Every structure is written in C-alpha cells, then in structure tokens.
Amino acid sequence: MTKTPASSSHSASLSQGGLDRFLVCGLGSVGQHCVAALTAFEVRVSAIEEVEPPKWEIPNLPALLDDLIIGDCSQISVLKQAKIEDIRAVLLVTDSERVNAETALAVRKLNPHIRLVVRSAKENLNQLLSQHLGNFVAFEPNQLPAAAFALAALGSEISGFFKIDGHWLRVVKRQLSPGDRWCDRRFLYDLNSRTRRVLCHTPNSAQPSPSFHEWEPEAIVRAGDTIVYLEIGEPSASHSVKSARETQRNPGSALAALKSPLWRNLKQKLAHIWKGIVRDRTTLGATVSAITLLTLMILGTVLFDLSYSEKIQLKDAVNLAIVLLLGGFDNVFGQLNIPFPISWWLYLFCILLTVAGTVFTGIFYAVLTEKVLTSRFQFLKQRPPVPQQDHVVVIGLGGLGQRIAHLLQEFNQPLAGITPDLDFDMTVLPKMPLIVGNFKEALEKVNLSTAKSVIVDTDDEMLNLEVGLMARAANPNLHLAIRTFEQRLSDDLAELIPNAQLLCAYALAGEAFAGAAFGENIISLFRLNHQTVLVTEYTIEANDTLNGLLLAQVTYGYGVVPICHQKRGQESKLMPSEDTLLAVGDRMVVLATINGLRRIERGELSIAPRLWMVRVDRALTQDAAFEGGNLIARISGCSLSTARDLMENLPGILQLPLYKHQAQRLVRELNKNQVMARAVPIFSKTGKGSYQVGIDSIFSG
C-alpha cells in the first residue's frame, strides 16, 4: 500500500457545497464491493465499465448506482460524461494497472482537486504518481486481506495486528478461565493502561456487541467472560526473545550484540556471543580454526624473536610465522643447506607450524567458501521438510498466498505450502516447505492429520470449496480459512462448513477502498465479531468534523477507538489520553468500522448519547477543591472558570451532559483526589423502551 499524508477530507461534504458524488471505474469483483461499501455512507455513486457484466456478484448492484456509463474510463469524453468536475473521489479499480494509471492522469487534468484511489501493486510508480498528482493513494487488493487470513488460520487469541510508527499493536480476544489472574478481582476500567485498551466485553453466554464501548466500565471481570483488548507488543514474541532467536540463527551477527543496551557487562556479552557460535557447528569450526591460527602465529613470532633477536626485527619474526602457517616451508628451508642456524626443537616447531597452518587454513577457507556460496546461490538450498504437527498449510501461492505465508513466518509459525503451478518460482519463500503438484496427492504429504490450520486461497472459488472440504474430512479439528469471491457464497457456506472462516477478499478490500475515498489513509484491517475493522489515519483540518473535540467525544460519540495521537512537530503517543483536545494539524489513528467512518464523515455524534451528569457533593480539603476544578475542566471539556464556580458552590451539578464512560471516569478521578462525587443518569429507561427525565434524582441526596 502506498501512503500519502492523510488529508482529512471527510468534512469535504460540508466545505464543498454538499459534494457527495463518487465514481468507480471498473465493476469487477473489487469495483462492485467498492460500490456496496460506498453506499453504506449514503452517498451517490456512479460507475464506468467498458462492457456491462453479464452477471452481478452483488445482487441488484445497478440499483445502487446513480449512473452507469459504458465506455473506456481512460477516455476524456467518457470522464466528462460522468461529470468528473462534480465528483469528490474516483476509485480506479479495473484489472489493468496501465488503465488505472492512464485514467488517473486523465482525471487529474480535468479536476485538480479530486481524490484518487487507485488499484496498483507497483510501489515505485505509486510513489511517483503520488508526488506528481497529489491527493492520491494506491492499494493492492491482495495485500489488504492477508492479515485477516493469517489470523483466521492461527486460531489463537490474536484477532489483529498492525504497526503504527514503528510499534507493533495487537488485538487480543481472550476468554477468561476460572483461574485467570483477572477474574473476580479486577474492574474492567482497571484493565486499561498505557499499553492496553479494552475494546469489547462480552459476559459469559452473551452475544458479542457489534460496537465498541458497549460495556460497563465498573463491572467486575468474571470467569467465562470474553474480553477484546488492544495492546502494544509484537505479534508473536517479545522483541528480546525475537532478537535472541535471530542471533542464534545467524551467529555471524552476534558481534552486533556488543552494542545492544540489553547487555550491561562484558561477561554477559561474551557469553551470549559464544552461545550463538556453539549452536552452529560450521561457525564453531571456523572460530576454532581462526583462534588456533592466531595462537600459532603469536607463538611462532615470540619464539623467532627470542631466538634471533640480534639478527631480525619483530616484523621479520611475524612475517616468518605467517609464511610457515600458509605452507611456505619450502620457501624458508627449501635449500640443501639451511640459510641460518636453527635448533632441532625449533625446526620441529616450524614443521608443526606448517602442518597445522595447512590444516586449519584449509578449514577456515572451506567455511568461508560455504558461506559465500550459501548467500550467493540461495536458490540451490534444499527446502526444509514438512513440519510434523501444529503447522499451517497454505494452499495456493499467488499474490495473496505469498503475502499470507510471509506474515505467518513473521509469527514464527511452522507452515507448509502447496501449489499446482509446475513453473512456480522456487526462489520465493525459500525457507517454507513446498509441495508442487496435484492437490489431492499433495494433501497426503503435508501431515494434515496433525496440522493446526489450512488456508485455501486459489483463484478458483469452487476449487477452494472442494479442497477445503477435503482438508476438513482429513482432519475435522483443524482451523479452516477459505477464500471466496462472492459475499453471498460466503454466507451460504458458513452454514455448510461450521467453524470455518469464509473470507471474501474483495469485500474486505472494498471497504478499505471506500474508506480511503473519503481522504483517509487505511493502514490495515482485520475482522472482529464478524465485521471489518479499519485502522484509519486522519489529519485534522480547520473545517473538520473532528476539530476542537476531546478524544473522549470522538471515542464515544463516533464509536471509534483512537490509538495514536500526534501534535504537529511532536512525537506520536500511543494509547492517548481521552482528555486530549484535537486541533488543526493533529494526526490521529483510530480503529473504526465502516459505520464509524460514516459517522465521522457526516459529523454524527450519536452512537452513545450524552445522558449522564456529575454531582459533586464536597471536597475534603482546599487543595482537593483546587485540583478537582482542574480535573473537571480537563476531563469534561468545560471551561476552567465553570469548573471553579462549581467547586466554590458545593454541593452542585456540572451542567454539562457527558458520556457514561466519561462521567464515570471523572467521578473516579475526583474521588481519588478527595472530592466526593457521583455520576447520575439524566434519563431513566421506562418499560416501554422510551426515556423519562430523571433530573430530580440528581438533586436528591
């Protein structure tokens, strides 16, 4: 994916006279899913297709379109017919990267401000087009869903992972067992920290909520509950463990450990280096040979210098020792009469020096030759054998399959690949066991009975179903992830193959393209509770629907999760405080569903109405009253003077409705600082599902 600075154009519908028309060029699988995703934003969508498809993958798709134009989207006349001057964003998602690039250039000539979202895998070209065209972003549809497939196959607690500003973040879905350290002793709000943020909580036997934040902060965690949370950390192992493994696999890089801050003293450094050397017999042999040669050279130099100190200099003694070590015995003693007097024991030592030098120099050269050939001709290296158990089998190694395999290798997950392509490039994924040939025969060679998961992602939908059923028959207990091309088929197969992950790659990509059309950067995506979550980057502008809001208002009002915030010219902060006030130039990264992005786009702060107020009863000390005013202003967003007036006239009520989570957090912080307060709902729910005013309860003791 090519990223450009996010230009938070979700407010463009307000700033450009209600401009809410979008154009999709290419109605293949990706294009049709883009149309479906865009219509969720309740905007007008037009499309250009060279030939009308004989069959629509999404039923009634033409009814979703404001206009369908048949023609070549790269032609100026066709673009004018689509009224390109009134279009807010163009999604160029044809199957031809050349057509997409040509159309992008043509569109920019006609409309210098339009947003361009392009389907392309050519990273260098994408960077150049981004620099010259501006307001441009490019995606490769096969790369976006790869993480979702990899995570579906792992079958672990990790539901998503991505990298923000060099830091790995992972989404963990965890069902608590009776002996868990959190059970019966921790409140949900207490699980939040600088490195962790609770996203969802599902009590035992309850259905998971489709939205974030629909959980009670002051509920006690119980056995059987399912908690979804975001935490900072690498997707598989900690950085220190991963670094140690890399050093063990590559002992030649062990010298870099001397500069690592993890090692505080020389003894530990040397022990770590030696451990890495010992684990590799080849490197151990080279090290022993080098040490032996160096020792013999020093010993020979000392003996020659002591024996002939009056006749030769030190450098001559060094030269003589090196010549003998490199097999130059005949150069020194090749004459019938020895040119200088030498004792018999020193003569024997010279013979020993030559023999030992020949042996150990040969070993040293052999190791160096092996290292050079291994690195120079890596494709000649034999692939490792298929793992015996707990491995993932990736069936189909096209662009998506290769991306999935790379991600699994980052997890240090044992895996094996199957491809029917006899012309498959054998230099691809050289460390992965690979079976080439017929699927039926290949399945018998990958130890399916003991495998952990199978991912089927060929370009043939029916073949994926067939191979998936064969794999499930061989091992009913394995995790199964099957790539589909129609969302309707995914829904139907979900009943046929229970507990299988049926993922429509183009539907996942379509949501990412649609989100990017509104001016945001879609960094990554993952699946959670049967819906797609987009990792989305915003940059705040003056006319923005986000400008001037507290992160608490963004969080609970729009139903998203801010995970990164950066002031202009400052370092970014992960897991930012809800008290942060957004301003022009700020950068923010959030987790959001497509509905969350739509709410931000339309400025609808309505996902969780502000139905709570805070009653402050008393402050135990003057200092507590002063600090309480600061807390009220910071957490609620009211002015400092309003907060001071409240603290000077206790008991009193903060005349500002708050979100439930926000109000409860304010009360907790006030109580910590010796200010007695409580959160009270403004409305109480009646039996008929409506609300009645409960303001009297706020004033009651």
Side-chain angles (χ1 to χ4, degrees), residues 164-165 187-199 212-213 215 217-218 229-230 232 538-540 544-592 596 600 605 607-616 619 623-647 653-675 677-679:
I164 302 292
D165 296 344
F187 293 102
L188 277 174
Y189 72 80
D190 197 34
L191 301 182
N192 287 329
S193 67
R194 293 183 179 179
T195 60
R196 187 193 304 121
R197 186 65 50 87
V198 175
L199 304 180
F212 300 121
H213 316 303
W215 46 275
E218 297 183 353
Y229 57 89
L230 177 76
I232 301 173
Y538 289 91
T539 298
I540 312 302
D544 211 309
T545 60
L546 298 171
N547 186 23
L549 296 181
L550 289 174
L551 283 188
Q553 295 172 299
V554 175
T555 300
Y556 307 117
Y558 291 128
V560 300
V561 182
I563 60 175
C564 179
H565 175 259
Q566 183 177 19
K567 289 286 185 183
R568 182 180 293 175
Q570 299 180 11
E571 292 186 0
S572 60
K573 295 181 180 179
L574 297 179
M575 310 296 184
S577 169
E578 293 180 355
D579 310 336
T580 304
L581 186 65
L582 294 176
V584 174
D586 287 6
R587 169 177 166 266
M588 178 180 65
V589 181
V590 303
L591 303 183
I600 294 177
L605 281 166
I607 185 64
R610 291 186 283 183
L611 299 177
W612 291 76
M613 283 188 172
V614 172
R615 173 188 171 93
V616 184
D623 290 341
F626 180 82
E627 183 58 29
N630 294 337
L631 287 171
I632 292 172
R634 189 176 75 241
I635 296 177
S636 71
C638 73
S639 65
L640 186 59
S641 61
T642 300
R644 292 274 184 257
D645 289 342
L646 173 62
M647 295 306 298
I653 301 168
L654 176 63
Q655 299 296 323
L656 179 65
L658 302 175
Y659 299 104
K660 184 176 183 179
H661 287 238
Q662 186 184 17
Q664 291 180 338
R665 176 169 172 260
L666 175 55
V667 169
R668 289 195 300 270
E669 293 299 322
L670 288 173
N671 290 338
K672 286 180 185 178
N673 286 272
Q674 299 181 315
V675 177
R678 54 195 171 100

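Note that this is a predicted model, so its numbers are computed, not measured.
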Do the side chains of [Y] and [X] get nearer than 4.5 Å, heavy atoms only?
X: Met647; Y: Phe626; result: no
X: Leu574; Y: Ile563; result: no
X: Arg678; Y: Arg615; result: yes
X: Arg665; Y: Pro217; result: no
X: Thr545; Y: Tyr558; result: yes
X: Tyr556; Y: Leu658; result: no
X: Asp544; Y: Tyr538; result: no
X: Gln655; Y: Leu646; result: no

Approximate separation, where rounding is to 0.5 Å, of [X] [atom1] and [Y] [atom2]:
X: Met613; Y: Leu666; atom1: CE; atom2: CG; answer: 13.0 Å
X: Glu578; Y: Gln553; atom1: CD; atom2: CD; answer: 11.0 Å
X: Leu656; Y: Arg610; atom1: CG; atom2: CZ; answer: 6.5 Å
X: Ile635; Y: Gln662; atom1: CD1; atom2: CD; answer: 8.5 Å
X: Ser636; Y: Leu654; atom1: OG; atom2: CG; answer: 5.0 Å
X: Leu551; Y: His565; atom1: CG; atom2: NE2; answer: 6.0 Å

Are any side-chain N or O atoms of [X] and backbone N or O atoms of [Y], one a donor and one an acceptor, separated by less than 3.5 Å?
X: Asn547; Y: Ile540; answer: no
X: Arg196; Y: Tyr229; answer: no
X: Ser572; Y: Gln566; answer: no

Which atom names give the shortest non-hydrogen contact between [X] and [Y], and what distance separates them?
X: Ala624; Y: Val675; result: O-CG2, 3.3 Å
X: Gly585; Y: Thr539; result: O-CG2, 4.4 Å
X: Lys660; Y: Trp612; result: CB-NE1, 3.5 Å
X: Pro576; Y: Pro562; result: CD-O, 4.0 Å
X: Ala677; Y: Val614; result: CB-CG1, 4.2 Å
X: Ala583; Y: Lys567; result: CB-NZ, 4.0 Å

Practice problem: Go through the steps for Val561 and His213 under the test side chain to side chain contact (heavy atoms under 4.5 Å, CB included), then give the verdict. | Solution: CA-CA 9 Å; Val561 182; His213 316 303; 3.9 Å; yes

Practice problem: Evaluate the criterion side chain to side chain contact (heavy atoms under 4.5 Å, CB included) for residue pair Met575 and Ser193; output intermediate values, then yes/no. | Solution: CA-CA 8 Å; Met575 310 296 184; Ser193 67; over 6 Å; no

Exercise. Please report the C-alpha distance between Arg668 and Tyr189 in whole Å, then the side-chain angles of each, then the deciding distance to 0.1 Å, and finally whether the side chain to side chain contact (heavy atoms under 4.5 Å, CB included) criterion is met.
Key: CA-CA 10 Å; Arg668 289 195 300 270; Tyr189 72 80; 3.4 Å; yes

Only pairs under 3.5 Å count here: list side-chain donor-acceptor contacts from residues 627-634, not counting sequence neighbours, and write none if there are none.
unit_1: Asn630; atom_1: OD1; unit_2: Arg644; atom_2: NH2; d: 2.8
unit_1: Arg634; atom_1: NE; unit_2: Asp579; atom_2: OD2; d: 3.0

Practice problem: Kindly check if the number of other-residue, nucleotide or ligand heavy atoms within 6.0 Å of CZ (Arg568) is above 12? | Solution: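 No, not enclosed.
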
